[in-house]
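Below is one structure, written out as structure tokens, with a few remarks after it.
So you know, we letter chains A, B, ... as the sequences are listed, proteins then strands, and number each from 1.
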Number of protein chains: 2
Amino acid sequence: MISEKAVKPQIFAQLSRIGKAVANGNRLELLEFLAQSERSVESLAKVANITIANTSQHLQTLRQCGLVTARKDGQKVYYRLSDRRVVALLSIMRELAEDHLADLEKLISIYLTSRDGMDPVPAQELLRWAREGSVTVLDVRPVEEYSAGHLPGAVNIPLKELEANLSLLPPSQEIVAYCRGPYCVLAFEAVARLRAKGYRARRLEDGLPEWQLAGLPTERGVVA
Amino acid sequence: MISEKAVKPQIFAQLSRIGKAVANGNRLELLEFLAQSERSVESLAKVANITIANTSQHLQTLRQCGLVTARKDGQKVYYRLSDRRVVALLSIMRELAEDHLADLEKLISIYLTSRDGMDPVPAQELLRWAREGSVTVLDVRPVEEYSAGHLPGAVNIPLKELEANLSLLPPSQEIVAYCRGPYCVLAFEAVARLRAKGYRARRLEDGLPEWQLAGLPTERGVVA
DNA sequence: ATAATATTCAATTAAAACCTTGAATACACG
DNA sequence: CGTGTATTCAAGGTTTTAATTGAATATTAT
């Protein structure tokens, strides 16, 4: 039974559980990966570069407040976002942080050299061009993430295999590359390398999760 | 200078500062009040029922990550939300919490008895009716919050003075009451009391901050 | 000037969060 | 039926956060 008095603080305490869940950098990174696709504990630990036990604990924290769900298949446990709105939560946090935290801006300028030098394409614009077929959409994420969902008609060439698979890209057409999101370097790298090879390349402003959140169409499972 | 290696974790650490800011119930309550209007430290401490020193500290943590700004006037310091998107952040947190935290639902059912029994009016619907003049819009928040911004044409009768000012309300027309937001009891109380007096009363689904966030029109400073 | 008020600062204590380590569990495979 | 693998659990030490208290600062009013 819940104590009768002072219910209002208890309500805010419950709300703060969502806040606590996103109050840790490692958990945020895990959420960013989970926004791409379902993943096992081990695989998350590897990409986020934290120990397995620690990863497991963070995932449980996230699960206890309903931000992710778990599914067991064989000996592995697969986690996924419970709700598309989790991406919305992360997006707003990112917007607020970028506009109000000077330290973040500084970090971004280091990490994402010349963020605006790759003239980012807004989602709506890309959608229009893609429908006209006047642009090649390039997904540079790993295969597993691509097959869990990707932009309609996108060609998947993981960044590591970009140089070896240039033949899949029409040499004359403009290329728009995208990856996990605003803080993912894959698309930046891809654009830089493609330009060095003489391609006309730009990058999508956001990543796949934001595209989905905006209600724009995606495809699943098709391997190009 | 920032260490060259491992910039990605540092970016997420910065993002997590926003999370930490909303990871405490008292701070969330403060933000809810600030979403209504600018307020001084003392006034916030009083309504939130926490000590002044503690309130000041919480406000400083909020300011350090840019969620609120401060302005000094005379001997008082007035805080306000720095950004309308802070309301969006809180809204998403609330949605996620309500859908995924069973404990919260339980608390709400205690605190907001018969939440749906007052058939809440969606914002868009109220806007239409209000323009037709077929409904009386009632703001039951304190005067200061009302004058900082309110729904167009809304009559302000703070809950405490409701019984004494019933004459301001047309007896036959339907009344829609609103207050601070989904967890504010003022409108609930008002609807209950009005119904007891024979009025036809309902409540707005959300409060003023959510109304503003949706881009719907408001008025300022007019005292009805 | 002096006193009163509003806010912040600084120091302390208690509580919670974070990560590591090593063991335990649960399932699949040979 | 044992062995290997994936994950979780439990215990620990360290760091961070929260709230209290009392003093310090700054501004207004007398």
Interatomic distance, [X] [atom1] vs [N] [atom2] [rounded to whole Å]:
{"X": "A:I50", "N": "C:dC19", "atom1": "CD1", "atom2": "P", "answer": "7 Å"}
{"X": "A:N54", "N": "D:dA6", "atom1": "CG", "atom2": "P", "answer": "18 Å"}
{"X": "B:R39", "N": "C:dA6", "atom1": "CZ", "atom2": "C1'", "answer": "16 Å"}
{"X": "A:L62", "N": "C:dC18", "atom1": "CG", "atom2": "P", "answer": "10 Å"}
{"X": "B:D73", "N": "D:dA26", "atom1": "CG", "atom2": "P", "answer": "18 Å"}
{"X": "B:K20", "N": "D:dT15", "atom1": "NZ", "atom2": "P", "answer": "15 Å"}
{"X": "A:R71", "N": "C:dA26", "atom1": "CZ", "atom2": "P", "answer": "20 Å"}
{"X": "A:K76", "N": "D:dG4", "atom1": "NZ", "atom2": "P", "answer": "18 Å"}

When you get a sec, tell me which of [options] is the closest nucleotide to the side chain of [X]?
{"X": "A:A53", "options": "C:dC19, C:dG22, D:dT21", "result": "C:dG22"}
{"X": "A:E42", "options": "D:dA19, C:dT8, D:dA6", "result": "D:dA6"}
{"X": "B:N26", "options": "D:dT7, D:dA19, C:dT7", "result": "D:dA19"}
{"X": "A:Q57", "options": "D:dA10, C:dT8, D:dT20", "result": "D:dA10"}

Check whether any side-chain nitrogen or oxygen of [X] sits under 4.0 Å from OP1 or OP2 of [N], and answer yes or no.
{"X": "B:Q60", "N": "C:dC9", "value": "yes"}
{"X": "A:Y79", "N": "D:dT8", "value": "yes"}
{"X": "A:T51", "N": "C:dT20", "value": "yes"}
{"X": "B:S56", "N": "C:dT7", "value": "no"}
{"X": "A:R27", "N": "C:dA17", "value": "no"}
{"X": "A:N24", "N": "C:dC18", "value": "yes"}
{"X": "A:H58", "N": "C:dC19", "value": "yes"}

Check: Taking only residues two or more places apart in sequence, or in another chain, which ones meet B:S91 in a side chain to side chain donor-acceptor pair (under 3.5 Å)?
Finding: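 Side chain to side chain donor-acceptor pair (under 3.5 Å) list for B:S91, sorted by chain: empty.
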Check: With no hydrogens and no angle check, is any side-chain donor or acceptor of A:T51 less than 3.5 Å from a backbone partner on A:N54?
Finding: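 At least one qualifying donor-acceptor pair exists.
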Margin query: Donor-acceptor pair, distance only, cut-off 3.5 Å: does the side chain of A:E38 make one with the backbone of A:Y79?
Written below: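 Side chain of A:E38 to backbone of A:Y79, a donor-acceptor pair under 3.5 Å: no, none is there.
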Check: Would you call A:R94-A:E210 a salt bridge at under 4.0 Å N-O?
Finding: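 A salt bridge links A:R94 with A:E210.
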Check: Taking NZ, NE, NH1 and NH2 as the nitrogens, is one of them in B:E189 or B:R193 under 4.0 Å from a carboxylate oxygen of the other?
Finding: yes
Notebook entry, point to check: Do you see a donor-acceptor pair shorter than 3.5 Å between the side chains of B:N156 and B:H150?
Noted result: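 On atom types as modelled, these side chains do not qualify, holding no pair under 3.5 Å.
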Margin query: Any base atoms under 4.0 Å from A:Y78, or only sugar-phosphate, or nothing? Heavy atoms, all strands.
Written below: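 No contact.
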Notebook entry, point to check: What nucleic acid atoms does A:T55 come within less than 4.0 Å of, heavy atoms only: base, sugar-phosphate, or nothing?
Noted result: nothing
Item checked: First of A:T61 and A:Q75 reached from the 5' end of DNA chain C, by closest nucleotide -> A:T61
